[in-house]
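Here is the structure we will look at, set down as structure tokens.
In listed order, ligands and their atoms are each counted from 1.
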Amino acid sequence: MNEIQKAKKILKILNKTYPKIKVPLRSRNVFTLLISVLLSAQCTDVNVNNVTKSIYPKYYKPEHFTKLGRRRIEKLIKRIGIFRVKAKSIYNLSKILINEYGSKVPKTFEELEKLPGVGHKTASVVMSQGFGHPAFAIDTHIHRLAQRWGLTNGKNVVQTEKDLKRLFPKKTWNKLHLQIIYYGREYCKARDCYGLTCKICTSCYPNRKKPVKTKKA
Ligand code: SF4
């Protein structure tokens, strides 16, 4: 089975397994989505949601965070990993949004990626979930699954993004990114590969005998 055939099969299985998909990070507008995605680096979505559920009802605009100041932002997010660095980014990016973008989140990759603490992955999630722009945010989980499924050679996340964008139609990207994340959490976990039982691998690799190993991103 070639890559294109595999991609088609995988898409079919994922659409059947996750016909409707919920955005895992809670937010109340594009700005809070940006903050949540930034907070989720090296941290679980559940942890981020637990922390932000008491922040967003009160603080949900850049002005709220500049008024709070760095120290008070740190206190609010202290249950999240590397909170000092993240608090600094939230404070500085809020200032930039107020001064340069009329308190709005910019709608281009270029502008988003210039904001403190915002890399290509964060920008991709905001473009896709916040603005509905086709994007394929690749994190270490998607990178792992794409390798295990033989859709990329696994060099790095940049290559994986190129390969997945080539194999899947643009209109599927936004949903597919979440479907792969959900499948990874449920079946294709970082440490365990069941090798011979999961739907995707039994369909794409009927002759596989052993679990597969993956390279890190
Ligand atoms: S067998 Fe399951 S866990 Fe292993 S690579 Fe395939 S989908 Fe992932």
Check whether any heavy atom of W149 sits under 4.0 Å from an atom of ligand 1.
yes

Of all the atoms in ligand 1, which lie at a distance below 4.0 Å from a heavy atom belonging to [X]?
X: C201; answer: 1 (S), 5 (S), 6 (Fe), 7 (S)
X: C188; answer: 3 (S), 5 (S), 7 (S), 8 (Fe)
X: Y183; answer: 7 (S)

Is there an N/O/S atom in C198 that lies less than 2.8 Å from atom 2 (Fe) of ligand 1?
yes

Got a sec, which residues hit salt bridge (charged side-chain N to carboxylate O under 4.0 Å, His left out) with E3, two or more places apart in sequence or on another chain?
R166

For ligand 1, the portion of Y187 having any non-hydrogen atom under 4.0 Å away
backbone

Lys/Arg N to Asp/Glu carboxylate O, K114 vs E111, below 4.0 Å
no

Can you say whether the rings of F136 and W173 are parallel (under 30°), tilted (30 to 60°) or perpendicular (over 60°)?
tilted

Could you tell me whether the side chain of F131 reaches within less than 4.5 Å of the side chain of V105, counting heavy atoms only?
yes

Using the ring pair (Phe, Tyr, Trp, His ring centres under 6.0 Å) rule, collect all pairs that involve residues 71-98, keeping only residues at least two apart or in two chains.
none

